[in-house]
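Source: prediction; values computed, not measured.
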Amino acid sequence: MPRSTFAYSPRPVSLTVYFIGFALCLLLACLTGILARPTGFLSSFWPANGVLLGMLLRWPELAQRTSWLIASAVFVLADLVTGSSLLAAVWLTAANLTGVACGWWFLQRLDTAQLQLRQQTSVLYLLAGCVIAAAGASLVGAGAGVHLFASHWLQSALMWFSTELMNFMLIVPVILSIPECSPRRWLSRIESRVSWKLLLPLLFVLATEYAALALGGPGAMAFSVPALLWCALSYSLFTTALLGLVVCTWKVATLSMGIIDFTPADVELMVSLRFGLTLLSMGPLAVAGAQLQRAEQLQRLNRAASHDSLTDVLARGAFMDQGQRLLERLQHEGSPVAVLMLDLDHFKRVNDSHGHAAGDALLRACAKTMLRVSRPQDLLGRIGGEEFAMLLPGVPAAAAEQIATRICAAVRSQRVALRDGPVLRATVSVGIAWNGGGTAQTLEELLRRADIALYEAKAAGRDGWQRHHASPARAALAAQV
């Protein structure tokens, strides 16, 4: 995320388009904050700084002089068109950008995993960055409260610091955790997971918020903590951060009704509320980040257990398990399937002439080539030594033969350059077993048939393929090779 290119782009988009979207997002955030500004005072909710900091961290390509100039122009323009004086607009913009710059200076130094909230200490680092950002904004902006709104410097500084800290902690995690996929794919993923069981944590959040609104009192702010923690255990990091933003924003609106006017007269209650909401948001974020880290570690462990460490294709056991399940589903659907057995020709000569390290390099290159010319739905596994197997779902016999031809040509044309100078070449022999879906066969039976055809391909001169036709005479010939 933060150290990569833009999250998702189905087609190349110029940087100008991103800058236009960047400016529009900031303008909308500014107008939202201005509408939440009490008459004659600072805004009670100012999302623009959090949006700006989050976008600069989420998309580093935007962290350049042009972006800061656009942000300055948008901030000043938004204040001017809504009736602020030029002095107020420039002063407030300077404070806002100072805070963002301070936060960016600290947070952009973190590694990708920390910035994506995938480490146990990520939330603490994020809090430290947001504290630095809020402090920078309050030091510059506190004077605006004195000269523009006739408030005391300390009161103005506390108001700046508390609101900036809360806004940064609520908004920045949402932007940093935006999924790296197309909106259509994201929505389809949500639709595939929606169930009543999955909706229970969200319903619990609504119930606790209703109870907080109905009962009131100083403890009402913490009513939703168990529900948000449940959401953190059930939903993605982005969904958890978004729910935290919605819930805390709702609490600002509901808890302030008749209690806090967001003016210097209620500065203690206001600061206490904002600090409380800031700390409230940290728990679910920390839990969701820990869940994400745990899921990634389990995924790495599962991959290490199921994939061959040398070639990074499926190991024999995983290929047999996954292939058998896929084969049973295809046979249930009546779909055709093909199994290929692939063996590198004269591989022993490579090990004898150049050593096992060269042989390993050749195996890795051949596996990579086979993956490149195969389809995404195909399964490729290393059966042992220099022998591989591939399962091709939903292919007619002619298509399986074309794939085998393509694999042979790709392996034949590849070159593997060794460090000490020699360039290795390889060819592969392929045996094909095909099932049209009319008869039930196990994966082991198809592999045995493909293995017979593989020996026929070797007997025919290697560097080619043969298809098994279940002929007893050909089987006997293969057994003699």
Side-chain angles (χ1 to χ4, degrees), residues 36 38 43-47 50 117 120-131 133-134 158-177 197-263 265-294:
S43 177
S44 59
F45 179 69
W46 181 257
L117 306 179
Q120 293 181 348
T121 57
S122 295
V123 175
L124 296 179
Y125 277 105
L126 177 64
L127 176 63
C130 292
V131 167
L158 286 174
M159 291 172 65
W160 267 96
F161 182 82
S162 61
T163 188
E164 289 299 295
L165 179 61
M166 181 188 71
N167 292 336
F168 281 130
M169 281 298 296
L170 293 180
I171 295 171
V172 172
V174 175
I175 300 177
L176 291 180
S177 59
K197 184 177 181 180
L198 197 63
L199 289 176
L200 287 177
L202 181 58
L203 295 176
F204 190 26
V205 171
L206 297 176
T208 55
E209 282 305 301
Y210 176 79
L213 189 61
L215 296 177
M221 187 171 61
F223 281 14
S224 59
V225 171
L228 289 175
L229 292 177
W230 189 7
C231 291
L233 293 171
S234 304
Y235 302 147
S236 67
L237 177 61
F238 171 72
T239 305
T240 301
L242 188 60
L243 282 174
L245 171 62
V246 172
V247 169
C248 290
T249 305
W250 170 253
K251 287 181 181 296
V252 169
T254 56
L255 293 180
S256 63
M257 293 179 181
I259 302 176
I260 305 174
D261 293 327
F262 290 97
T263 64
D266 288 322
V267 63
E268 294 85 359
L269 291 176
M270 179 190 65
V271 170
S272 177
L273 170 63
R274 286 171 172 165
F275 283 168
L277 293 178
T278 299
L279 298 177
L280 174 65
S281 69
M282 292 178 59
L285 285 177
V287 172
Q291 283 290 101
L292 179 60
Q293 183 185 27
R294 175 178 175 273

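- Applying the side-chain hydrogen bond (donor to acceptor under 3.5 Å, both in side chains) test to Ser272 and every residue at least two apart in sequence or in another chain returns nothing.
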Give the table of side-chain donor-acceptor pairs shorter than 3.5 Å for residues 202-209, with sequence neighbours excluded, one pair per line with atom names and distance.
residue	atom	partner	partner atom	Å
Thr208	OG1	Phe204	O	3.1
Thr208	OG1	Val205	O	2.8
Glu209	OE2	Ser224	OG	3.3
Glu209	OE2	Lys251	NZ	2.8

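- The two residues Gly50 and Ile175 come nearest to each other via the heavy atoms O-CD1, 4.0 Å.
- Residues satisfying the side-chain contact (heavy atoms from CB on, under 4.5 Å) test with Leu233, not counting sequence neighbours, are Val287, Gln291.
- Counting heavy atoms from C-beta on, the side chains of Leu117 and Leu126 come closer than 4.5 Å.
- Thr163 contributes no side-chain N or O that, together with a main-chain N or O of Trp160, makes up a donor-acceptor pair within less than 3.5 Å.
- With Ser236 contributing its side chain and Thr239 its backbone, the two residues share a donor-acceptor pair below 3.5 Å.
- Sorted by first and then second residue, the salt bridge (charged side-chain N to carboxylate O under 4.0 Å, His left out) pairs with a member in residues 275-288 form an empty list; sequence neighbours excluded.
- Partners of Thr278 according to the side-chain contact (heavy atoms from CB on, under 4.5 Å) rule, which considers only residues two or more places apart in sequence or in another chain, are Leu127, Leu165, Met166, Met169.
- For residues 211-229, no residue pair satisfies the salt bridge (charged side-chain N to carboxylate O under 4.0 Å, His left out) rule, not counting sequence neighbours.
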Show the numbers, then the answer: is there a side chain to side chain contact (heavy atoms under 4.5 Å, CB included) between Glu164 and Trp46? CA-CA 8 Å; Glu164 289 299 295; Trp46 181 257; 4.0 Å; yes
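- Listed by chain and residue number, nothing satisfies the side-chain hydrogen bond (donor to acceptor under 3.5 Å, both in side chains) test with Ser281 (two or more places apart in sequence, or in another chain).
- Between Leu285 and Ala241, the closest heavy-atom pair is CD2-CB, 3.8 Å.
- Distance alone, capped at 3.5 Å, places no donor-acceptor pair between the Tyr235 side chain and the Ala288 backbone.
- Nearest heavy-atom pair, Ala232 versus Thr240, reported as atom, atom and distance to 0.1 Å: CA-OG1, 3.5 Å.
- The side-chain contact (heavy atoms from CB on, under 4.5 Å) search around Val246 returns none, not counting sequence neighbours.
- Contact of the Phe275 side chain with the Phe161 side chain is registered, since non-hydrogen atoms from C-beta on lie closer than 4.5 Å.
- Contacts classified as salt bridge (charged side-chain N to carboxylate O under 4.0 Å, His left out) and involving residues 225-245 (residues at least two apart or in different chains) are not found.
- Not counting sequence neighbours, the partners of Ala133 by the side-chain contact (heavy atoms from CB on, under 4.5 Å) test are Phe168.
- The distance from atom CG of Leu273 to atom CG of Leu280, rounded to the nearest 0.5 Å, is 10.5 Å.
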